[in-house]
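Residue numbers start at 1 and run along the sequence shown. Everything numeric in this text was worked out from a predicted model, so none of it was measured.
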Amino acid sequence: MRAPISRWHLALLAGFLAIYLPFDWLTFIPSRPSINVTPWNPPAGLYVALLLIVGPRALPAVGLALVAGDLLVRGFPASTAALLASNAVILAGYGGLALALRRPGVFDPALGRVRDVAVLLGGTFVAAVPVAAGFVGVFVLDGVLAPQDMPLLAFQYWIGDAIGVGVVAPAVLLLALRPGLPRPDMRMAVQATALVAALGAIFVPVGSGQFNLFYILFLPLVWVAVSHGLGGAVTATVFLQGGLMAGLVFIGLPLDTIIYHQTLMLALTITALFLGAVVSERRQAEKSLRDQQNQLALISRLAVTGEMASALAHELNQPLLASIAYARAAQRLLGQPGDGPSGDAGRARDLIDKAVAQAERAGEVIRGLRTFLRNAPPDIRPVAPRDIIAETTALARADAAYWSVVLRTEVPERLPEVLADRVQIEQILLNLIHNSVESIAAAGSPRREILVRAFTDEPNGVVFEVEDSGPGVVPDMVPRLYSPFATTKPAGMGLGLPICRSITEAHGGRLWLDETFAGGARFRLRLPQASPATGRPS
């Protein structure tokens, strides 16, 4: 038993029935009464989109709209049998197309991939061939059309449906399934002006006649598609197709001229839709990659934090125990009988202040850890290298102290800001410092020191450097440092440095092993400077 039709689909059916007749009347070109054999058939885009979204349940509504359009818009001149048979051909052809495309995994009506645009256009072009032949053939058999005119009329019908579906169906699908309009800006206004200017230019007589400048339409259309993806390409093609047909009808060109320009417009539409789909799919892929990088970064932060847990517990234990001791001492002083010596109250206040300070110190450790662990989206903005290093070393100092490693920093006073997500860059530096601590601790190095410094790197760069006094990087590991799962740690996964390099490259920077030797190793992280005026890489 089929499930009941959803309210959303009912709303689409009602909207289709409400707008179909006005839309059909507005866009129908030949004189009335007439048969719907036209090189410009936008209503086909409406019912093909409806069938793709709703499925076979939309066939009765589409059939009703087709019959009503023939009777009320065109004043149908053929027999009732031809009326029913011709519309049955349309329902069978495009209903079969929708049924084929709605199979799982074949087609996404939201047009999320280039493949979906190709399937929609290719399927339409193929399905329109038997529909055009069958539709025109019905009227040839009915005696309304001459048999010798059938090839030309069938092509005319095919081009009308192909361009109608190619222009209108993507617009309806995106509007219904991916709603939301971009915020208007100055660039969009300039692009709209360019589209209007190009459309007007093709009607200007140049050389031997009109329309010699038709291909100028490609310029603004490509600009819009590259800037706004599939949504922009669809919007621009709807505007250009509507403007072109309005202009052609207004100046009264013969039908064969309209058909010729419709073939050009079909080529223009295909180019724009594929270009827009490529841009949209690439942007979606970039977004998915950024999301994946964020998830990997979170995993890396959790792994590093797990390894730092014992050191953090030690670091928190000290201020908390000190705070408790100070508070109890103050209680004893304040709990003595009578007013006590005059200095007891002052000593108690001093002890309470020390207890508060120790508690605040513990709170700072927790806040720093919480900031480091948060899985927020990238927050790219100008940030001072001094602040990055200060926050990172504050988190890493507990781990270093636990293993008796001295952590030093060297940061010049006047250092340019970098454009970065502060938490992600802190993660990279913390990972490098943690690796150095582990290396020194595992090797039992007599000199236990890590130096974190930053300095400018011309042109327009800032370098963060982590140098340790450990045993250095094993020579066999140097070529595989950034390969996933390459590690010398017994419990390591080998994902830290690959993730760090991925984050660095997403920032437009570079991470590399600058030097390794018997007495240590030095890693460098280079990031572009932020322009003081714009906050963008200079």
Side-chain angles (χ1 to χ4, degrees), residues 297 300 304 383-393 395-396 399-400 403 405-412 414-422 424-443 445-484 486-489 492 494-530 537-538:
S300 177
V304 171
V383 58
R386 175 179 291 274
D387 294 341
I388 293 176
I389 290 178
E391 190 70 27
T392 304
T393 52
L395 271 176
D399 192 28
W403 295 104
V405 176
V406 177
L407 188 59
R408 298 192 298 110
T409 61
E410 289 182 6
V411 186
R414 296 183 178 274
L415 202 60
E417 292 183 326
V418 293
L419 191 65
D421 182 303
R422 176 171 172 167
Q424 290 189 352
I425 300 305
E426 288 172 3
Q427 173 201 341
I428 296 173
L429 292 178
L430 188 63
N431 189 280
L432 295 176
I433 294 171
H434 181 70
N435 287 346
S436 294
V437 170
E438 282 195 331
S439 170
I440 293 171
S445 302
R447 179 168 165 259
R448 308 168 79 87
E449 184 176 277
I450 297 174
L451 174 61
V452 182
R453 61 163 67 97
F455 53 88
T456 56
D457 180 44
E458 298 299 334
N460 305 324
V462 173
V463 172
F464 297 84
E465 187 177 271
V466 177
E467 180 179 335
D468 64 56
S469 60
V473 179
V474 179
D476 292 345
M477 277 295 299
V478 173
R480 301 184 292 123
L481 271 177
Y482 307 101
S483 300
T487 181
T488 58
K489 301 178 185 178
L495 293 175
L497 286 177
I499 292 173
C500 289
R501 170 170 274 192
S502 176
I503 295 172
T504 302
E505 291 175 348
H507 280 72
R510 179 180 171 225
L511 174 67
W512 74 99
L513 173 64
D514 183 60
E515 191 174 357
T516 180
F517 39 89
R522 180 166 57 238
F523 280 85
R524 286 182 172 179
L525 164 66
R526 185 187 189 279
L527 294 175
Q529 295 180 17
S538 54

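Rounding to the nearest 0.5 angstrom, the gap separating the CG atom in L407 from the CG atom in L451 is 9.0 Å. Of the inter-residue distances, the one linking E391 atom CD with L430 atom CG reads 10.5 Å to the nearest 0.5 angstrom. The distance from atom CZ of F523 to atom CG of L432, rounded to the nearest 0.5 Å, is 6.5 Å. Here the straight-line distance linking atom CD of Q529 with atom CG of N460 works out to 5.5 Å at 0.5 Å rounding. Rounded to the nearest 0.5 angstrom, I425 CD1 and D387 CG are separated by 14.0 Å. Here CD1 of I388 is found 7.0 Å from CG of L429. Values are rounded to the nearest 0.5 Å.
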Do E465 and V452 pass the side chain to side chain contact (heavy atoms under 4.5 Å, CB included) test, and can you show the C-alpha distance, the side-chain angles, and the key distance before you say yes or no? CA-CA 6 Å; E465 187 177 271; V452 182; over 6 Å; no
Passes side chain to side chain contact (heavy atoms under 4.5 Å, CB included), V463 versus L525? Steps please. CA-CA 6 Å; V463 172; L525 164 66; over 6 Å; no
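A side-chain donor-acceptor contact under 3.5 Å links R386 to the backbone of V411. A donor-acceptor pair under 3.5 Å is absent between the side-chain atoms of H434 and the main chain of A396, judged by distance alone. Put simply, the side chain of R448 gets close to the backbone of W403: a donor and an acceptor are under 3.5 Å apart. When atom types are taken as modelled, the side chain of T393 and the backbone of I389 share a donor-acceptor pair closer than 3.5 angstrom. Using modelled atom types, one side-chain atom of S469 and one backbone atom of R447 make a donor-acceptor pair closer than 3.5 Å.
Using a 4.5 Å cut-off on side-chain heavy atoms (C-beta onward), L527 and F464 make contact. Side-chain contact between P528 and L419 is absent, with no heavy-atom pair separated by less than 4.5 Å. Using a 4.5 Å cut-off on side-chain heavy atoms (C-beta onward), R526 and V462 make no contact.
Ion pairing of R453 with E467 is present here, as a side-chain N (NZ or NE/NH1/NH2) and a carboxylate O approach within less than 4.0 Å.
Closest heavy-atom contact between R510 and T504: N-CG2, 3.2 Å. Summarising the geometry of L415 relative to A454, their closest heavy-atom pair is CD2-CB, 3.6 Å, with the distance given to 0.1 Å. When every heavy atom of D468 is checked against every heavy atom of S436, the shortest pair comes out as OD2-OG, 2.8 Å.
Test I428, I433, N435 against N431 for side chain to side chain contact (heavy atoms under 4.5 Å, CB included) and you get one pass: N435.
A search for salt bridge (Lys or Arg N to Asp or Glu O under 4.0 Å) contacts involving R408 returns E410, E449, not counting sequence neighbours.
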